[in-house]
Amino acid sequence: MTTDSTQPPDSPAIAVRDVRKRYGDRRAVDGVSLDVRRGEFFGLLGPNGAGKTTLIEIMEGLRQADDGTVTVLGQSPWPRNTALLPRMGVQTQASAFFVRQSAREHLATVAGLYRRDPAAADRTLESVGLTGQRDVMVENLSGGQRQRLAIASALVHEPELIFLDEPTAALDPQARRDLWEVLRALKDQGRTIVYTTHHLDEAEALCDRVAILVGGRIAALDSPHRLVTAAGAPSRLLLPAGRLAVEEAAALPGVDRAVLQGGSLVLETATPGKVLQAVDALTGLDGVMTRTATLEDVYLELTGAAHPGPRTGPHPQTEYQA
């Protein structure tokens with residue numbers, strides 16, 4: 001991994017100051033300032049059209065800001081800075097491939113562009129779980145396999161700064177979790193990762209800090225834990241429907257709201273322990289689930305979206321009560 005010894009070790013990997021970008025009358029990025037620390041896993045979150053991709057492309061040197069300054073690894077990425085290219089890895093939403101090559105041939109070609117040993121292709125294929133498809137033509141790979149190959153193309157030259165734009169969008173749940181381990185390993189190696197995703201559980205599990213963009217501006221920037229704690233979002237207890245009447249549940253001490261959703265009676269509360277005691281005294285806790293506040297709650301509050309009903313599948317923050 002190449003590093004720049006002329007930069008102080010505590011200097012940010014990326015410094016963005018009052019960056020603005022307009023498309024006609026629309027302000028895609030509207031006065032954004034932030035730092036990405038060296039070795040940090042930094043998430044950019046926001047609804048479609050919030051400005052995430054535009055901001056990342058400005059950081060990468062693919063797009064020029066109208067106003068403001070950007071410094072990447074101590075240098076300006078614009079005009080297109082070829083000295084930065086070997087130090088950055090970029091995976092975009094629409095990746096290009098040498099489709100008439102095998103997966104390994106494609107990756108070896110990319111490695112060669114950065115003057116890397118062809119063996120780097122095999123190492124990177126293994127890291128993203130594509131060793132079994134090394135001899136498959138790129139045009140015959142599935143959508144999820146192509147997504148992993150795109151990520152491998154961003155990693156094969158061992159960059160110190162990696163941009164990943166919705167890298168798990170086409171992956172099944174198991175492949176997504178496998179990629180998490182790849183990304184954690186990269187962070188453990190000291191690499192800096194800038195990451196966009198619509199999977200809020202993913203951002204909460206992986207990111208040191210996240211910036212939530214709304215309308216081209218930063219609505220919140222902190223660690224997922226601090227954002228969740230500061231939001232004061234309620235905990236939720238999910239009871240099997242029919243266990244209690246809605247009116248009876250709403251009258252329990254500590255319950256702020258009771259509603260039937262998705263086949264469950266959902267109790268919102270700021271004091272889950274008190275409510276659990278009351279429910280236990282009335283019906284017992286068999287089949288009762290608790291859901292603590294998550295980054296998704298913060299995100300939905302900031303972006304103005306309606307809160308979804310309870311999930312039908314497991315959630316990483318769910319605790320099952322016996």
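Keep in mind that the numbers below use all heavy atoms, side chains included, and drop hydrogens, waters and symmetry copies. When a residue number appears, it is its place in the shown sequence, counting from 1.
Met59 CE to Phe163 CZ: the interatomic distance, rounded to the nearest 0.5 Å, is 6.5 Å. Residue Thr109 holds its OG1 atom at 5.5 Å from CZ of Phe98, rounded to the nearest 0.5 Å. The distance from the CZ atom of Arg63 to the CZ atom of Arg80 is 12.0 Å, given to the nearest 0.5 Å. A distance of 6.0 Å separates CG in Leu252 from CG in Leu282, rounded to the nearest 0.5 Å. Atom CG in Leu107 sits 10.0 Å away from atom CD in Gln101 (nearest 0.5 Å). Going from atom CD1 of Ile58 over to atom CH2 of Trp78 covers 10.0 Å, rounded to the nearest 0.5 Å.
Side-chain atoms of Glu158 and Tyr114 form no donor-acceptor pair, as typed in the model, at a separation below 3.5 Å. Glu202 and Thr197 share a side-chain donor-acceptor pair at under 3.5 Å. A side-chain N or O of Asp165 and one of Thr196 form a donor-acceptor pair less than 3.5 Å apart. Between Asp201 and Thr294, the side chains place no donor N or O within less than 3.5 Å of an acceptor N or O (distance only, hydrogens not considered).
Atom CD of Glu126 sits in a sparse spot, with 12 or fewer heavy atoms from other residues, nucleotides or ligands closer than 6.0 Å. Within 6.0 Å of the CZ atom in Arg217, the count of heavy atoms belonging to other residues, nucleotides or ligands does not exceed 12. Remark: Glu166 CD is packed, more than 12 non-hydrogen atoms of other residues, nucleotides or ligands lying under 6.0 Å away.
Two rings, from Phe42 and Tyr195, have their centers 6.0 Å or more apart.
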*Please assess Leu34 against Val36 for the test side-chain contact (heavy atoms from CB on, under 4.5 Å), listing each intermediate value before the final yes or no.*
CA-CA 7 Å; Leu34 59 85; Val36 178; 3.8 Å; yes
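Between Arg104 and Pro118 the shortest heavy-atom distance is NH2-O, 3.6 Å.
Side-chain contact between Thr53 and Glu57 is present, with at least one heavy-atom pair separated by less than 4.5 Å. Side-chain atoms of Asp18 and Val32, non-hydrogen and from C-beta on, never get closer than 4.5 Å to each other.
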